[in-house]
**Student:** 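Below: one structure in structure tokens.
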2 protein chains.
Amino acid sequence: MPQAKSPRPRKTRIQAQNEELILDAALEVFSAYGFRGSTVDQIAAKCGMSKPNLLYYFRRKEDIYIAVLEHTLASWLQPLRALDPQGDPIAELTRYIRAKIRMSRNNPAASRLFANEILHGAPAIGAFLKGPLKELVDEKAAVIRGWAAKGLINQVDPHHLIFAIWAVTQHYADFDVQVKAVLGEKKRRHESRGDGHPRPDDQWPRKALTRLP
Amino acid sequence: MPQAKSPRPRKTRIQAQNEELILDAALEVFSAYGFRGSTVDQIAAKCGMSKPNLLYYFRRKEDIYIAVLEHTLASWLQPLRALDPQGDPIAELTRYIRAKIRMSRNNPAASRLFANEILHGAPAIGAFLKGPLKELVDEKAAVIRGWAAKGLINQVDPHHLIFAIWAVTQHYADFDVQVKAVLGEKKRRHESRGDGHPRPDDQWPRKALTRLP
DNA sequence: TCCGCTCTTGACCATTTGATCAAGAATTAA
DNA sequence: TTAATTCTTGATCAAATGGTCAAGAGCGGA
């Protein structure tokens, strides 16, 4: 007997297709409105699917959210992971910063998704931050400290250097509207269509702050 | 006749007292959960008040939110406003950065409130960003550009220098949980009680991300 | 003290929204 | 073709939530 008839663990073509469709839509919606601010209907509508159908693939709203985070995390951390202890420090750090800037520009939704999650206390990825992320950062911090010890770069606290890089690069994705507002909307290069922000319909119609109190 | 009997514009003692109570509670709640994630009940409970009573002072949830933003904005922008064109550039910028760090440490809730608002497209303060904020930043950017023109500081794009300062200083308030998680919870000086984050009860009980997929 | 105004709240309403279910349509393997 | 399985959705439910209302409690000026 070649193989016991396993209870079809394989994933259907339609299944794979729809799950990806959902994850893409969910990333857009969650990053724009946050977890509580997003509705299952919104996500379903964005992928032209009925709500019950969506919930056939992910049984709870939470599950969609977790899946999107998982789906995005690995690639988001890739640049830091690629920091090479053997490489030239300046070249490595430059490459890292460039990669982070590029990611913030190409995928601001991912940046906002994480920003929102952490901003509200990381209810879904708290354990991940204290575990795998901390390990990764500690590892790379050791690399940077090594470079400093050899006199290849200035003496800086590696952890806070990494924080500074995160802060500055992701700022342009997370606070995009503020950057644009302050710079005055003059067209910027590399601008991609669809910034993932709520349309003007979502701006509050009634009272709103326009001047300093 | 000394004065026409105006229809009591004065604010009652109880009124002033309760409004402040509400604004304080609302800042905590809104900054921790975002606008959509916060409920009027939560805010009411936090100041030991019934929901209808709270809505007696602020008729709609939006009104509370706007009021909190107004109440916080002026002081939040004060340090930048205080940047003195006549002062010594290094001293002025140092003072500004220090003030920003201090504010992020002493009032992280305010930082998170704005971060959340902007992250989601600034539905309530969009006009403010394009108007008064832009004017203020442009004004101070001119100051910095002036310093550079006189050769007192390096040639840098003033707007992006300001962005960088904002990004790095506010990072420690906005992404506090991530900073703490990565640094490993070892006690940090100047820590204030109550970080305004959801209690562990709010962590998701079921599935949650703990490892890289 | 007394009267008008402010303050307070329990009960209630309408809407939104996450989730379920049963029944039917589409797909796939034989 | 056919039967089992997967996929899809209209209808519906229960809970959460923003907001209202009427009625009563409390306060302050005369």
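In the text below, chain A, chain B and the rest are named by the order of the sequence lines, each starting its count at 1. This is a predicted model, so every value here is computed, not measured.
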**Student:** Y65(B) has an atom OH; how far is it from atom C1' of dG18(D), in whole Å?
**Tutor:** 17 Å

**Student:** Just to confirm, is there a sub-4.0 Å distance from OP1 or OP2 of dT8(C) to any side-chain nitrogen or oxygen of N18(B)?
**Tutor:** yes

**Student:** To the nearest Å, how far apart are K51(A) NZ and dC21(C) P?
**Tutor:** 15 Å

**Student:** Within the 4.0 Å heavy-atom criterion, would you say S50(A) contacts the bases, only the backbone, or no part of the nucleic acid?
**Tutor:** base

**Student:** Nearest whole angstrom, please: distance from the P of dA15(D) to the CG of D41(B).
**Tutor:** 16 Å

**Student:** With sugar-phosphate meaning primed atoms plus P, OP1 and OP2, does F58(B) contact a base, only sugar-phosphate, or nothing at under 4.0 Å between heavy atoms?
**Tutor:** nothing

**Student:** For the side chain of R60(B), starting at C-beta, report the closest nucleotide among dC21(C), dC7(C), dG19(D).
**Tutor:** dG19(D)

**Student:** Looking at side-chain heavy atoms only, is the closest gap between I101(A) and Y172(A) below 4.5 Å?
**Tutor:** no

**Student:** Using every non-hydrogen atom in the two residues, find where Q170(A) and S104(A) come nearest and quote the distance to one decimal.
**Tutor:** CA-OG, 3.7 Å

**Student:** State, yes or no, whether a side-chain contact exists between V182(A) and F175(A) at a heavy-atom distance under 4.5 Å.
**Tutor:** no

**Student:** Round to a whole Å and report the spacing from CG of L54(B) to P of dT20(D).
**Tutor:** 13 Å

**Student:** Hey, does the side chain of Y56(B) come within less than 4.0 Å of dT8(C)'s phosphate (OP1/OP2), counting only N and O?
**Tutor:** no

**Student:** Quick one: is dT16(C) close enough that its OP1 or OP2 comes under 4.0 Å of any side-chain N or O from T39(A)?
**Tutor:** no

**Student:** Between R13(A) and dT28(C), is there a side-chain N or O to OP1/OP2 distance below 4.0 Å?
**Tutor:** yes

**Student:** Report the distance from atom CG of L55(B) to atom P of dA11(C), rounded to the nearest whole Å.
**Tutor:** 18 Å

**Student:** Quick one: R36(A) CZ to dT16(C) C1', roughly how many Å, whole number?
**Tutor:** 12 Å

**Student:** Verify the contact: side-chain N or O of N53(B) to OP1 or OP2 of dC7(C), cut-off strictly under 4.0 Å; return yes or no.
**Tutor:** no

**Student:** Answer yes or no: side-chain N or O of K61(B) and base N or O of dG19(D) forming a donor-acceptor pair under 3.5 Å.
**Tutor:** no

**Student:** Any donor-acceptor pair under 3.5 Å linking the side-chain atoms of H120(A) with those of N116(B)?
**Tutor:** yes

**Student:** Whole-Å distance between dC27(D) C1' and Q17(B) CD?
**Tutor:** 13 Å

**Student:** Looking at dT9(C), dG18(D), dT6(C), which one has an atom nearest to any side-chain atom of Q15(B)?
**Tutor:** dT6(C)

**Student:** Just the rounded figure in Å: distance from C1' of dA29(C) to CD1 of I14(A).
**Tutor:** 14 Å

**Student:** Do the charged groups of D174(A) and R112(A) touch, with an N to O distance under 4.0 Å?
**Tutor:** no

